[in-house]
S.K.: 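This is the structure I have questions about; it appears just below.
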Amino acid sequence: MTEQNQDIDKLQQQRQDKLAKIKQLSIDPYGSRLDDIESASAVRAKFDSTRQDQTALCAGRIVLFRDIGKLIFITLRDSSGTIQLGLSRKLLESQWDLIKLLDLGDVIGAEGTLGLTKTGELTIWTTKVIMLSKCVLQPPEKFHGLADIELRYRQRYVDLWANPEVMDRFKKRIAMVATIRNFLQAKGFFEVETPMMQSLAGGAAAKPFITHHNALDIDLYLRIAPELFLKRLLVGGMEKVFEVNRNFRNEGLSPRHNPEFTMMEIYQAYADYNIMMDLSEEMICLLVEKHCEGTTLQYGEMRIDYSRPWRRASYRDLVKEYAGCDIQDIAAIRSKAKSLGIEEAKLDDDIVVNEVFEATVEKNLINPTFVIDYPARLCPLTKRSKTNPDYAERFELYIGAMEVANAYTELNDPQVQYDNFVSQIKGSNEDENTFRNLDEDFINALKYGMPPAGGLGVGIDRLVMLLTGATSIKDVILFPLLKPEK
RNA sequence: GAGGGCGUAGCUCAGCUGGUAGAGCAACGGCCUUUUAAGCCGUUGGUCCUGGGUUCGAGUCCCAGCGCCCUCACCA
């Protein structure tokens with residue numbers, strides 16, 4: 001039985017009728033394996049206008065259809081781009097019945113001879129059309145594409161071919177992640193995978209998602225960070241490791257936040273946060289060089305200059321510069337906080353300082369800026385500065401007023417780490433609903449001795465946003481979270 | 001979670017201070033062998049997001065709900 005019913009709309013019914021007619025021609029409307037296909041861009045690249053004997057076989061979706069009677073021009077799209085097919089009745093008399101049943105949106109293969117039209121358009125003068133998949137739904141309008149934002153996210157499978165810039169952006173993301181992997185592997189980093197389901201969600205201050213394992217009858221948390229497992233690998237003797245994978249945080253959505261997002265974390269034994277700074281600068285500049293046009297990129301209203309060297313400024317100096325007060329001067333900081341409308345009275349000193357930082361400094365950090373040396377109390381997993389123990393050897397990288405990376409000289413003293421965890425748990429309040437657990441096994445690992453190390457976390461989605469000009473994180477995630485319909 | 005905006009044909013969009021639903025693309029029929037969002041002639045197509053209410057009359061006004069977007073909050 002079919003799922004067809006009276007509710008099926010007229011446009012769909014017309015296409016179903018064509019599908020039936022294709023079957024009557026003894027042709028499978030859903031095709032089969034097709035070997036030796038060339039991409040549209042590969043065919044464009046190989047075409048030699050001095051030759052008349054070149055052939056090509058392409059496969060893709062019909063996105064434009066121009067029927068001139070005994071001649072039909074089709075624009076076929078694959079992930080590499082488009083190529084024009086010329087279907088002449090003279091050449092394709094035996095297949096003309098099938099050709100008259102083709103619709104916009106159908107997936108077909110076409111084989112023929114390459115040539116140029118009068119107007120110089122590269123064309124496959126087709127000698128054989130291969131039906132690969134019938135499209136029984138009406139595709140979006142050919143010129144505007146799919147514009148409805150909600151539909152674009154819900155039906156990304158249409159968005160990707162209806163709006164070529166969407167395919168291009170995701171291809172860029174894919175290429176950038178590949179560049180990152182190659183870059184790190186060439187430096188001798190091991191790419192590893194650590195648990196996404198954890199019995200303790202640690203390594204960050206965030207609300208986790210909870211799930212349940214039936215056989216063991218235990219609750220598990222989707223990880224909020226891979227940090228504590230990657231450091232265990234340092235203890236295990238892997239000196240250089242990285243992981244690119246999803247983190248999950250049970251928080252609100254925004255143009256910069258998706259509940260699952262891709263984080264890359266890198267750990268390097270015998271290094272420190274200065275080495276991580278150099279590494280991140282080198283890596284992101286490589287991405288700009290390989291995947292972007294020029295070193296100054298437009299992002300929304302901002303023009304961001306990625307040329308090296310990037311600014312490195314201390315947290316304290318930046319607060320002085322943009323808030324006009326010294327973070328050591330708590331009275332001044334509190335009065336500044338009040339003037340910014342921050343309810344500072346019930347907050348700890350260091351939290352107030354950070355509120356002031358976020359309210360005054362962040363929005364000014366347009367060009368890549370390393371904010372270095374954070375107040376130590378904000379950094380429970382970070383080693384303190386030897387020269388001034390009030391500060392931790394930590395930096396955050398800001399680009400386009402957005403935090404894209406966070407790095408430390410990793411704390412490797414098990415006793416200090418233990419004390420930090422305990423005081424952090426004490427400091428957390430109930431309505432915060434943030435899970436803070438003491439990971440005793442992690443402390444145990446540190447007791448075996450973790451080499452001094454630098455660690456770096458990079459928000460891949462945000463980096464891709466910046467480098468592809470996407471102002472919403474949903475535009476760099478293939479299937480962003482949306483509420484289910486109805 | 002709070003505030004603001006949006007939801008009309010398969011798609012992209014009009015629709016004024018309330019008067020009975022429109023265009024382009026797509027589709028269908030016709031013409032056309034070098035088009036480029038092909039063109040020309042003709043035709044079809046609507047639970048105006050859902051449910052209430054006000055009104056002689058609601059796409060339009062009011063209330064509630066659903067979804068999306070923006071801003072804010074939590075955070076990366």
Side-chain angles (χ1 to χ4, degrees), chain A residues 7-15 17-18 63-75 82-92 103-105 115-123 125 135-155 158-159 162-163 203-208 224-225 246-265 341-343 354-355 358 362 396-398 402-406 431-434 457-463 465 471-475 480-486:
Chain A
D7 293 338
I8 200 165
D9 66 57
K10 189 175 154 192
L11 292 171
Q12 209 176 138
Q13 189 55 56
Q14 283 168 355
R15 282 171 179 253
D17 293 345
K18 288 185 185 176
V63 290
L64 293 171
F65 199 95
R66 297 178 287 280
D67 185 348
I68 325 264
K70 295 187 183 66
L71 179 65
I72 295 169
F73 288 106
I74 283 174
T75 301
T82 59
I83 187 110
Q84 175 164 279
L85 311 179
L87 274 53
S88 157
R89 178 148 193 176
K90 215 176 193 175
L91 281 173
L92 286 162
D103 279 313
L104 281 172
L116 296 176
T117 62
K118 267 186 194 168
T119 50
E121 178 79 22
L122 175 60
T123 301
W125 293 105
C135 176
V136 295
L137 295 176
Q138 188 65 34
E141 198 220 14
K142 62 189 181 186
F143 185 58
H144 296 93
L146 189 61
D148 183 291
I149 292 171
E150 185 178 351
L151 261 186
R152 289 188 40 228
Y153 297 147
R154 288 196 193 280
Q155 303 191 11
V158 178
D159 190 32
N163 298 317
K207 288 165 221 137
I224 56 176
R246 231 67 65 78
N247 285 353
F248 307 85
R249 299 191 181 175
N250 206 338
E251 281 142 11
L253 290 76
S254 87
R256 272 163 234 85
H257 301 264
N258 195 64
E260 54 177 312
F261 62 101
T262 300
M263 172 70 98
M264 176 175 63
E265 290 201 5
I342 297 162
E343 290 186 33
N354 207 40
E355 294 278 332
E358 284 174 7
E362 277 190 4
E396 287 196 354
L397 171 61
Y398 282 83
M402 215 165 29
E403 188 195 330
V404 297
N406 183 17
D431 59 276
E432 204 177 357
N433 196 21
T434 297
V458 180
I460 296 295
D461 311 284
R462 287 186 175 179
L463 187 58
M465 286 169 69
T471 50
S472 170
I473 199 167
K474 289 190 168 75
D475 291 325
L481 183 70
L482 296 178
K483 276 199 193 178
E485 284 179 298
K486 282 177 84 178

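Protein chains get the first letters and strands the later ones, always in sequence-line order, with residue 1 at the start of each. Since this is a predicted model, take the numbers as computed values, not measurements.
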S.K.: Rounding to the closest angstrom, what is the interatomic distance between C70(B) and C28(B) at atom P?
M.R.: 37 Å
S.K.: What is the distance, rounded to the nearest whole Å, between atom CG of L11(A) and atom C1' of U43(B)?
M.R.: 14 Å
S.K.: Quick one: label L482(A) by what it contacts on the DNA or RNA (base, sugar-phosphate, nothing), any heavy atom closer than 4.0 Å.
M.R.: sugar-phosphate
S.K.: Who are the side-chain hydrogen bond (donor to acceptor under 3.5 Å, both in side chains) partners of R66(A), not counting sequence neighbours?
M.R.: T75(A), Q84(A)
S.K.: So for E121(A) and U34(B), does any side-chain atom that can act as donor or acceptor lie under 3.5 Å from a complementary atom in the base?
M.R.: no
S.K.: Minimum heavy-atom separation for K474(A) to L253(A), with atom names?
M.R.: NZ-CD2, 4.2 Å
S.K.: Hey, does L64(A) reach any base, or is it just sugar-phosphate, or nothing, if we go heavy atoms under 4.0 Å?
M.R.: sugar-phosphate
S.K.: Expressed in whole Å, how much space separates the P atoms belonging to A23(B) and A9(B)?
M.R.: 14 Å
S.K.: Could one point to a donor on the side chain of T119(A) or the base of U34(B) with an acceptor on the other under 3.5 Å away?
M.R.: no
S.K.: Please give the distance between the C1' atoms of C25(B) and A37(B) as a whole number of Å.
M.R.: 9 Å
S.K.: All N/O contacts under 3.5 Å from nucleotides 11-14 of chain B to the protein, with atom names and distances to one decimal?
M.R.:
residue: C11(B); atom: O2'; partner: E141(A); partner atom: N; Å: 2.9
residue: C11(B); atom: O2'; partner: G145(A); partner atom: O; Å: 3.3
residue: U12(B); atom: OP1; partner: A147(A); partner atom: N; Å: 3.0
residue: U12(B); atom: OP1; partner: D148(A); partner atom: N; Å: 2.7

S.K.: At under 4.0 Å between heavy atoms, what does D17(A) touch on the DNA or RNA strands: base, sugar-phosphate, or nothing?
M.R.: nothing
S.K.: Let me confirm one number: the CG-CD distance from N247(A) to E260(A), rounded to the nearest 0.5 Å.
M.R.: 10.5 Å
S.K.: Please state how far atom NZ in K70(A) lies from atom P in G39(B), giving the value in whole angstrom units.
M.R.: 20 Å
S.K.: Students often get this wrong, so: under 4.0 angstrom with heavy atoms, is L104(A) touching a base, only sugar-phosphate, or nothing?
M.R.: sugar-phosphate
S.K.: So, do L85(A) and F65(A) sit near enough that their side-chain heavy atoms are less than 4.5 Å apart?
M.R.: no
S.K.: Under 4.0 Å between a side-chain N or O of R66(A) and OP1 or OP2 of A38(B)?
M.R.: yes
S.K.: With K18(A), which residues qualify under salt bridge (Lys or Arg N to Asp or Glu O under 4.0 Å), at least two apart?
M.R.: D103(A)
S.K.: P atom, C11(B) versus G57(B): distance in rounded Å?
M.R.: 32 Å
S.K.: Would you please name every residue forming a salt bridge (Lys or Arg N to Asp or Glu O under 4.0 Å) with R152(A), sequence neighbours left out?
M.R.: D159(A), D475(A)
S.K.: Rounded to whole angstrom, note down the P distance from G4(B) over to A64(B).
M.R.: 11 Å
S.K.: How would you list, by chain and number, every residue that makes a side-chain hydrogen bond (donor to acceptor under 3.5 Å, both in side chains) with R256(A), sequence neighbours excluded?
M.R.: none
S.K.: How far does the C1' atom of G19(B) sit from the matching atom of G7(B), given to the nearest Å?
M.R.: 24 Å
S.K.: Side-chain N or O of R154(A) versus OP1/OP2 of C68(B): is the shortest distance under 4.0 Å?
M.R.: yes
S.K.: Using atom C1' in both nucleotides, what's the gap between A14(B) and G22(B) to the nearest angstrom?
M.R.: 7 Å
S.K.: Hey, does G459(A) reach any base, or is it just sugar-phosphate, or nothing, if we go heavy atoms under 4.0 Å?
M.R.: nothing
S.K.: Which heavy atom in E355(A) sits nearest to a heavy atom in I342(A), and how many Å separate them?
M.R.: CB-CD1, 3.7 Å
S.K.: If you measure from the P atom in C16(B) to the same atom in C62(B), how many Å do you get, rounded?
M.R.: 14 Å
S.K.: R256(A) near the nucleic acid: base, sugar-phosphate alone, or nothing, with a heavy-atom cut-off under 4.0 Å?
M.R.: base
S.K.: Classify the side chain of T75(A) and the base of U36(B) as holding, or not holding, a donor-acceptor pair under 3.5 Å.
M.R.: no
S.K.: Return the polar atom pairs (N/O with N/O) between nucleotides 1-7 of chain B and the protein under 3.5 Å, or none.
M.R.:
none

S.K.: For U35(B), what is the paired nucleotide under Watson-Crick or G-U wobble rules, both distances under 3.5 Å?
M.R.: none
S.K.: Which heavy atom of E265(A) sits nearest a heavy atom of G457(A), and at what distance?
M.R.: CG-CA, 4.1 Å
S.K.: Give, for atom CG of L122(A) and atom CD1 of I83(A), the distance between the pair rounded to the nearest 0.5 Å.
M.R.: 4.0 Å
S.K.: Once rounded to the nearest 0.5 Å, what's the spacing between atom OH of Y153(A) and atom OG of S472(A)?
M.R.: 4.0 Å
